[in-house]
Structures are given as C-alpha cells and as structure tokens.
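Treat the numbers as computed from the prediction; the structure is a model and nothing was measured. In each ligand, atom 1 is the first atom listed, and ligand 1 is the first ligand listed.
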Amino acid sequence: MTVGDFLIKRLSSWGISRVYGYPGDGINGIMGALERASDRMRFIQVRHEEMAAFMACAHAKFTGEVGVCLATSGPGAIHLLNGLYDAKMDHQPVVAIVGQSARAAIGGSFQQEVDLLSLFKDVASEYVHMASSPEQVRHLVDRAIRIAKAQRSVTCIIFPNDVQELDAVEEPPRIHSTVHSGIGYSSPYVIPYDADLERAAEILNTGERIAMLVGAGALHATDEVIETADTLGAGVAKALLGKAAVPDDYPFVTGPIGLLGSKPSWDMIKRCDTLLMVGSSFPYSEFLPEPGQARGIQIDIDGRMLSIRYPMDVNLVGDSRETLRALLPMLRRKTDRSWRTEIEQNVAEWWQTLEGRAMIDANPINPQRVFWELSPRLPDECILSCDSGSAASWYARDLKMRRGMMASLSGTLATMGPAVPYAVAAKFCHPDRVVIAIAGDGAMQMNGLNELITIGKYWKEWSDPRLIVLVLNNRDLNMVTWEERVLAGDPKFEASQDLPDFPYAEYAKSLGLDGVRVERPEDIGAAWDRAFAAKTPFVFEALTDPNVPPMPPHITLEQAKAFTSSVIKGDVDRLGFLKQTAKEVAERYLPHKK
Ligand SMILES: Cc1ncc(C[n+]2csc(CCOP(=O)(O)OP(=O)(O)O)c2C)c(N)n1
Ligand SMILES: [Mg+2]
C-alpha cells in the first residue's frame, strides 16, 4: 500500500466516496491510487480545477457533508482558489488535496514549484499542511476533515509527488514525536444559557413590531422559524443564502432583502421595533434598521459573526433550530395581530407587483417573465443554483420556494461561475431530483459552456436526467452595466460589457443534450414545459432585454438622479432604458389593476 492508497482508504473511512478534480503529474501517485480504489472512491473529472472546488462547495451545501477536491501542483492548485474562497466565505466544509514538486526539488525554483503553503495560507487558514513523511498522513487527513467540519471551513493537504509513492504507514510507531489520531465527528448540541434566552424573550415579548431576518444558518430550522414568527406576529425576510429556509407560500414571508430585495422586506425593516436575526451575516446596513430604532437579538452558531451588522442587545451563540426550540416556550403569543396583518397585506401586494413587472413588454423578452413562468412549474424537491449577475435579482424575487426544495449560489464571495458546476454536483449528490442552474451569458462564456461538456459526459448515469440550464442571453454584462448606471451614474462602457452572441441551445445539442432558444415572450411557457419533459439535460436560452432595470425595492432620489445623469451623458441604450424605467415606475406607483 502506497501513501496514495492510504490517503484514499482513510478518506473512505471518513465516509467520503467522491472526489471532484483534474489530474497532473504532481498527483500521479494519488490518481493511481484512485484508479485502484474505483469501487470505493469516485473521481469526477471537470474542465477546470476551479469547477472542482465549486463542486466540492456545492456538495457540502447540498448534503451537509465534507466536499473534497483534488488538483495537481502549481497551476492546478492555483486554479482551485476562487472556488475554495467561495466555500470559505459561505462557511462550507471543503478539503482540498493538492500535489507538489518532489521533496528533493522543493526550494529549487523547480518546474511548477509554487509555495503552496503560502498560497493556501489564507483560504485554508484553519488548516494547511504538507506531508513530508508517510507517518504524517493519517493525522493530516483526520485533522483536515475534522477541522473542516468543526470550523465549517476550507482545509488543505499538500502532497509532494514522491511522498505519494512511498510505502504507507497506516499506524505510526508508538514512539516519541508520533501523532495518534482517529476518525469521527458529530456536531454538538449548542444552545445558549437560559438566562440569556430569557433576556431575549423579554425583549421579544415586549416588542410590538418584530422583524425576523433568516439566512443560511436557518436552512434546517424551517418549522422553528415559522412557529417563532407565528408566536411573535412577525414577518420573515430572507437573506439570499437563506432563500430555502422558509417556503414563500406563507403569507408573512416577505422574501429577499437588500438591493435584490422586496418592498415588504424593506417596509418591515424600516418600521420594526425589534429585529430577530437568525443564522445570517447579511452585510448591507442600509437595509437594516437604523441603530437605535430597534432592539436586536441575533442567533448564530459562530460567535465571531455576532453583532457585526447591527449592534445587538442580546447575542446568542447557538444552533438556530435548537436555540429557537429552547426560546419558544418563553415567548408569549402576540394577541395584537395588526403588525402581522400589515405585513401580509404588503406581501400580497408585492406578489402582484412582481407579476405586473414580469408582464411589462420588453425587447424581445422581459427576463422577469422567464422566472415568473418558471416559478409555478418548479418540480417538488428541485434544486436551484444561481450565478452572480442580473439573474440573481430575479432568482431572489420571482421564484417562489416550496418546502423540500434547495437553492444556493455564491452568497458571500458573489463570484461569477458557480451556477453550472453547483448544478453538476447537485446531480451527483441527488441524481433523482430535478436541478436547475440559472446563469447569465457572461457566466456561461466564462465557464458554464465548458461545464456543459461535463454534463454531456455524465448525465446518462443520473436516474433522472433532468438538469436544466437557464441562460439569460442579453449580450451584456448587465449587472455591471446597471451598477454603473445606478451607483456611479455613468453610462454603459460598451468595450467592457458588450458580449458576443453565442448559440447556447444549439451548442447544447451539439453535445447530445437538448435545448431551445426562446425569442418571443409568448413561447416561454411552452418552452419550460418542454424543458421539464426532456429526457436529457436541457439548455433554456432566453433572449432577454438588457434594458429592464433590476430596480432596488425602493427608489431613492440619489438613484433617480444617477439614472438621469447616465442618460444625459449619452448612454447608447438610453431610449430603451428610459422607456423601460418609465413603465417600471408606473407599475410600482399606480394602483394595481386586477
Ligand atoms: C469572477 C467575477 N468577475 C467579475 C465579477 C463582477 N460581476 C458581477 S455580475 C457581472 C456580470 C455578469 O454578466 P452575465 O453573466 O452576463 O449576467 P447578467 O448580469 O448580464 O444577467 C460581473 C462582471 C464577479 N462577480 N465575479
Ligand atoms: Mg449577460
């Protein structure tokens, strides 16, 4: 047994059965071992190491288990970084395994020799080590996995290529300076002390207008969040990563918050006197109450994340579900339901506004309508992944989550590129569930198109082959264009943001998949039906209008001015843009006609 063989054996003993990666001679000794262990450990081949890291991150997000990615030394290791940062910043347990030059070469400016300990020092700040001798391997693996789980973070083990071929030492000799590690990790039961819960309950019981904001940390606390909101007569807003935490079919769920947020979330936060934040590090303070306006209570499993967005009155370190369970018996049911009624009215109106916005004519297709028509067609238990870009606004607002669905994106790093690799990992983790990736044309051209090749390679082994990729073909890096217009007041910089057209659906067909290019709004519904009836993965390419503004939930004077100055400076798109903005404003401020 070589060190490579033992590495794979130890990973399997930890329950790991899949590795996402890409080969190279820096990891030949590990690849050989994978080949020998193919009955126990599956190697998934990607197009680019960054995709392997995204997949490991998505694996963790969609299973709760550690995701593992593998890359060769030098360039392969460097390629992992962005995906690893995505995992680190969204607090996912991911272990990266990378090769390195042979021990004899290290320090010799050798070919492909990169100082990997330094390179990974930040992204794998919780644990990064290099195996210099076979005796270390057992504890390096045990610690990398355990620390990834315990700290919900990225860890990394570096293997010089000659070490991989050495004889394994499964059990280090029991002598001075050897380390004796073991397998296993169970999550703890973490709840605050009663006295602290009582302080929180006191505030929640005296508050009259309570707003809840839940994030990724509440994904497993659906029932407890609902019961707490019911008891407190509160509404529930959701940070982007918490989209699946509470179904959108509850009338008091105000939906997303922030620039991609909803008006009922905005109104609730502006008027609340008490904020209960659960498992979220939602960053934008301008969308939270003004300090002093509301008393704050925050629950987070990680004490480091407390009171950094709003100065909280009670900071509770605890698991969101268990903490809410412990808190619930201390809460009195609010008898005055007027706040809750107000929230529910706002929510009902907002859904009408969204429908109205989705049905505004555009040239040729209003992207919101694509999402609006997708929403009721989402199959039970489907899994959604979304990219960064304008799509994230419509994903956040227009898609109604139901119980049992999962959804994620790059929440904190907000990188482009994760939608398609996340979807691929979701299919490997849950081959019987329908997966829908949502991406812009920029993200597809950056890496999604290449990962369609990976889908083409593997889809036949999935029990339900349906993986649908929605591409918003607007020939623009539209999110950036709107940020320029709205935040900076500048016109669109065409040299930077114009994208070449590309036949996404045709390309899918060339890979043996299916697809459709939708060019007219009246064809959207039938195209979705076709996508969901498909017997292969499917690319739904929608020719969408880049001039439909991803408006913030409210329009401030500054933003309106910025719009105007953009137009005055001679934005090439000003005609379409003006027309669209006027329609949007009318839609928002005129009473809705049924
Ligand atoms: C790796 C990376 N590069 C750049 C950005 C900045 N950025 C955010 S959204 C966006 C445009 C995305 O364009 P596209 O995928 O076409 O989506 P659209 O906004 O047009 O719908 C850019 C460049 C980023 N978030 N990540
Ligand atoms: Mg685009």
Side-chain angles (χ1 to χ4, degrees), residues 48-51 53-54 57 78-90 123 240-241 258-260 283 358 362-371 374 385-399 409-423 437-452 469-488 490 492-505 517-518 539-552 573 576-577 580:
H48 181 299
E49 292 84 352
E50 183 180 338
M51 304 304 112
F54 279 141
C57 175
I78 293 166
H79 267 182
L80 287 178
L81 281 178
N82 194 53
L84 292 180
Y85 271 104
D86 178 40
K88 176 190 178 77
M89 292 172 72
D90 280 352
V123 75
L240 211 42
L241 283 172
L259 273 170
L260 320 178
N363 184 20
I365 288 178
N366 180 341
Q368 290 160 105
R369 179 150 174 193
V370 179
F371 288 77
L374 165 62
S385 65
C386 184
D387 227 279
S388 300
S390 72
S393 309
W394 323 128
Y395 158 90
R397 289 179 180 163
D398 291 276
L399 295 184
L409 39 55
S410 172
T412 318
L413 184 61
T415 179
M416 284 171 71
V420 181
Y422 270 31
I438 299 164
D441 45 359
M444 289 305 287
Q445 293 181 15
M446 187 175 268
N447 61 18
L449 283 170
N450 286 345
E451 234 33 58
L452 287 181
V469 180
L470 165 61
V471 184
L472 298 186
N473 180 355
N474 55 18
R475 285 130 288 132
D476 186 29
L477 295 173
N478 197 231
M479 181 84 163
V480 176
T481 299
W482 280 107
E483 284 165 348
E484 270 178 2
R485 286 168 174 162
V486 178
L487 302 175
D490 286 331
K492 169 176 168 180
F493 181 22
E494 287 174 81
S496 151
Q497 280 117 259
D498 275 352
L499 289 179
D501 196 3
F502 184 88
Y504 302 91
R517 178 172 165 120
V518 183
V539 170
F540 185 117
E541 173 188 353
L543 231 57
T544 53
D545 186 346
N547 287 328
V548 173
M551 293 256 207
D573 290 325
F577 155 55
Q580 200 60 45

Got a donor-acceptor contact below 3.5 angstrom from the [X] side chain to the [Y] backbone?
X: Thr412; Y: Met89; answer: yes
X: Asn473; Y: Glu541; answer: no
X: Trp482; Y: Pro546; answer: yes
X: Asp545; Y: Asn363; answer: yes
X: Ser410; Y: Thr415; answer: yes

Atom name of the N, O or S atom of Asp476 nearest to the Mg ion (ligand 2) is O
Name whichever N, O or S atom of Asp441 ends up nearest to the Mg ion (ligand 2). OD1
Near [X], which atoms of ligand 1 are under 4.0 Å from a heavy atom of that residue?
X: Ala443; answer: 15 (O)
X: Asn478; answer: 18 (P), 19 (O), 20 (O)
X: Ser390; answer: 18 (P), 19 (O), 21 (O)
X: Asp476; answer: 16 (O), 20 (O)
X: Thr415; answer: 1 (C), 26 (N)

Heavy atom of the protein closest to [atom] (residue, atom name, distance):
atom: atom 23 (C) of ligand 1; result: Val480 CG2, 3.3 Å
atom: atom 17 (O) of ligand 1; result: Gly440 CA, 3.6 Å
atom: atom 13 (O) of ligand 1; result: Leu477 CD2, 3.3 Å

For [X], is at least one N or O under 3.5 Å away from an N or O on ligand 1?
X: Met416; result: yes
X: Asn82; result: no
X: Gly442; result: yes
X: Met479; result: yes

Measuring from atom 25 (N) of ligand 1, which candidate in Ala439, Ser388, Ala419, Ala414 has the nearest non-hydrogen atom? Ala414
Does only the side chain of Asn474 get under 4.0 Å from ligand 1, or the backbone, or both, or neither? Count heavy atoms. side chain
Where do Asp498 and Lys492 land on the salt bridge (charged side-chain N to carboxylate O under 4.0 Å, His left out) test, with the steps shown first? CA-CA 9 Å; Asp498 275 352; Lys492 169 176 168 180; 2.7 Å; yes
About how many Å separate CG of Asp476 and CD of Glu494, when rounded to the nearest 0.5 Å? 9.5 Å
For Leu260 versus Ser393, what's the shortest heavy-atom pair and its separation? CD2-OG, 3.3 Å
Which residue is it: Asn82, Asp86, Ile78? I am looking for the one with a side chain to side chain contact (heavy atoms under 4.5 Å, CB included) to Glu50. Asn82
Do Glu451 and Tyr422 have side-chain atoms, one donor and one acceptor, less than 3.5 Å apart? no
Check ion pair Asp501-Arg517 (N to O, under 4.0 angstrom): yes
Is the Mg ion (ligand 2) less than 2.8 Å from an N/O/S atom of Asn474, whether that atom is in the backbone or a side chain? yes
